[in-house]
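Indexing begins at 1, ligand by ligand and atom by atom, following the structure's order. Treat the numbers as computed from the prediction; the structure is a model and nothing was measured. All values below were derived from every heavy atom in this structure, side-chain atoms included, with hydrogens, water molecules and symmetry-related copies excluded.
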Amino acid sequence: MNNPYSWLEKSLETIHRADWYRSVQTIQGGSGAVINLAGKEVINFASNDYLGLAGDTRLKIAAINAIEEFGTGSTGSRLLTGHRELHQELESAIASLKQTEDAIVFSSGYLANIGTISALVGKRDLILSDQYNHSSLKNGVVMSGGCVINYPHNDIQALKTQLIQKRQNYRRCLIITDSVFSMDGDLCPLPEILNIAEEFGSMVLVDEAHATGVLGKNGAGCVEHFGCRGRELIQMGTLSKALGSLGGYVAGSSSLIDFLRNRAPSWIYTTALSPADTAAALAAIEIIKNEPQRRMQLWENVEYLQALIRNNLPKLKILPSESPILCVQLASATDALEVGKYLKEASIFAPAIRPPTVPTSRIRITLMATHQQVHIEKLVETLHYI
Ligand SMILES: *Cc1c(COP(=O)(O)O)cnc(C)c1O
């Protein structure tokens with residue numbers, strides 16, 4: 001008999017041949033604008049820590065205090081022995097930031113998406129999903145068993161056409177979109193999506209993973225940025241990006257959240273968020289509320305980089321962006337890998353993003369509030385030679 005596992009090596013060879021192979025790289029020490037990558041100091045343009053909170057002393061102290069008081073593990077699921085007052089405080093703080101009736105925290109953003117989508121829709125329902133949506137949204141859709149149509153990226157007309165043709169054949173309908181597209185950096189046209197959803201009796205789930213703490217006057221995300229607070233929709237996000245911790249959340253009406261507490265399997269059947277992560281996220285929300293200057297610094301950095309590129313590198317192919325995520329388009333995965341390697345040699349960490357994560361290869365740059373002008377200038381000088 002053949003070894004039933006021998007296909008694994010063949011599969012890996014195929015991945016290598018396509019230049020799609022990935023492996024981990026070790027970061028030594030803490031997070032920040034400058035990090036130590038495998039023994040080399042590099043400027044970090046690859047972090048989701050937009051506000052620099054992952055290394056903030058106040059978050060660390062909050063986490064340490066929570067461990068002292070409650071221990072390291074939460075010891076059970078929320079509905080059994082895992083629930084602490086800390087979780088309730090965090091959920092209230094999220095609901096207050098988002099100005100929704102209630103919120104629920106999951107152990108990761110990924111779990112929030114798969115649990116929420118599979119709880120809200122099933123076999124008799126229609127899901128309209130932007131083709132560039134995050135993997136967690138796509139897998140939530142598969143798990144739900146609903147009928148899915150992936151509409152062309154941000155194409156409102158195509159979305160409307162699908163609704164006209166298909167909506168009446170299904171019980172419920174859910175439109176799903178990233179708010180900031182994580183691998184592109186552009187925004188979804190949220191007001192238009194909400195209008196269409198209203199017209200066709202459809203729910204909307206917006207993934208604010210890269211927008212929470214970053215967009216909106218109070219850092220509440222794209223919903224605030226577009227002036228859509230108060231409209232009925234399902235907002236999810238993560239505690240692991242601008243909030244510098246770990247975990248995910250959904251914010252919305254009290255009936256939505258109550259329903260999820262009863263029906264979202266990835267919340268019911270998993271261990272509650274750890275005390276340390278919960279306390280750190282709570283401290284981060286407090287900072288986001290009280291220190292808008294961090295968000296302003298981040299946006300100053302975004303504008304500075306965009307201006308430098310416009311003035312000095314007009315030939316660079318930059319994907320449209322309205323966020324701290326900026327992508328340089330490249331012809332192939334091989335080109336992207338080479339540029340990524342060249343940048344690393346020049347002490348700049350900005351990774352190549354390749355298929356199957358995205359349809360076309362690119363170098364993805366993310367800015368943080370903690371980058372200094374010299375870091376951004378060095379990046380632009382280095383990009384001259386690609
Ligand atoms: C990172 C991310 C998630 C998943 O969040 P985690 O907390 O890291 O699991 C979901 N959606 C989008 C758009 C993301 O970028």
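- Atoms of ligand 1 lying under 4.0 Å from at least one heavy atom of D178, given by number and element, are 13 (C).
- Remark: distances from the non-hydrogen atoms of S240 to ligand 1 include one below 4.0 Å.
- On a distance-only criterion, G109 and ligand 1 share at least one N/O pair closer than 3.5 Å.
- The side chain to side chain contact (heavy atoms under 4.5 Å, CB included) test with S144 is passed by exactly one of I117, I114, N139: I117.
- At a cut-off of 3.5 Å, with distance as the only test, a side-chain donor of S92 or Q88 sits close to an acceptor on the other residue.
- Close approach to S136 involves these atoms of ligand 1, each under 4.0 Å from a residue heavy atom: 10 (C), 11 (N).
- Of the N or O atoms in K241, one or more lie within a sub-3.5 Å distance of an N or O in ligand 1.
- Inspection of the D19 and T334 side chains reveals an N or O donor paired with an N or O acceptor under 3.5 Å.
- A ring-centre distance under 6.0 Å is found for H371 and F45.
- When each atom of ligand 1 is checked for a heavy atom of T238 under 4.0 Å away, the hits are 5 (O), 6 (P), 7 (O).
- Atom 9 (O) of ligand 1 has Y110 N, 2.9 Å as its closest protein atom, hydrogens excluded (heavy atom only).
- Summarising the local packing, NZ of K341 is surrounded by 12 or fewer heavy atoms from other residues, nucleotides or ligands at distances under 6.0 Å.
- Checking R22 against T357 by side-chain atom types alone, a donor-acceptor pair falls below 3.5 Å.
- Note on ligand 1: M236 sits outside its first shell, no heavy atom being nearer than 4.0 Å.
- Other residues, nucleotides and ligands contribute over 12 non-hydrogen atoms within 6.0 Å of the CZ atom of R58.
- Heavy-atom contacts from other residues, nucleotides or ligands closer than 6.0 Å to CD of Q165 number more than 12.
- Contact atoms of ligand 1 toward A209: 2 (C), 11 (N), 12 (C), 13 (C), 14 (C), 15 (O) (distance under 4.0 Å to a heavy atom of the residue).
- Between H153 and F181, the ring centre distance stays below 6.0 Å.
- The ligand atoms of ligand 1 that sit less than 4.0 angstrom from a heavy atom of D207 are 10 (C), 11 (N), 12 (C), 13 (C).
- Shown in contact with S182 at under 4.0 Å from a heavy atom are these atoms of ligand 1, numbered in order with element: 15 (O).
- The ligand atoms of ligand 1 that sit less than 4.0 angstrom from a heavy atom of H210 are 14 (C), 15 (O).
- Put simply, no part of A112 is less than 4.0 Å from ligand 1, judged by heavy atoms.
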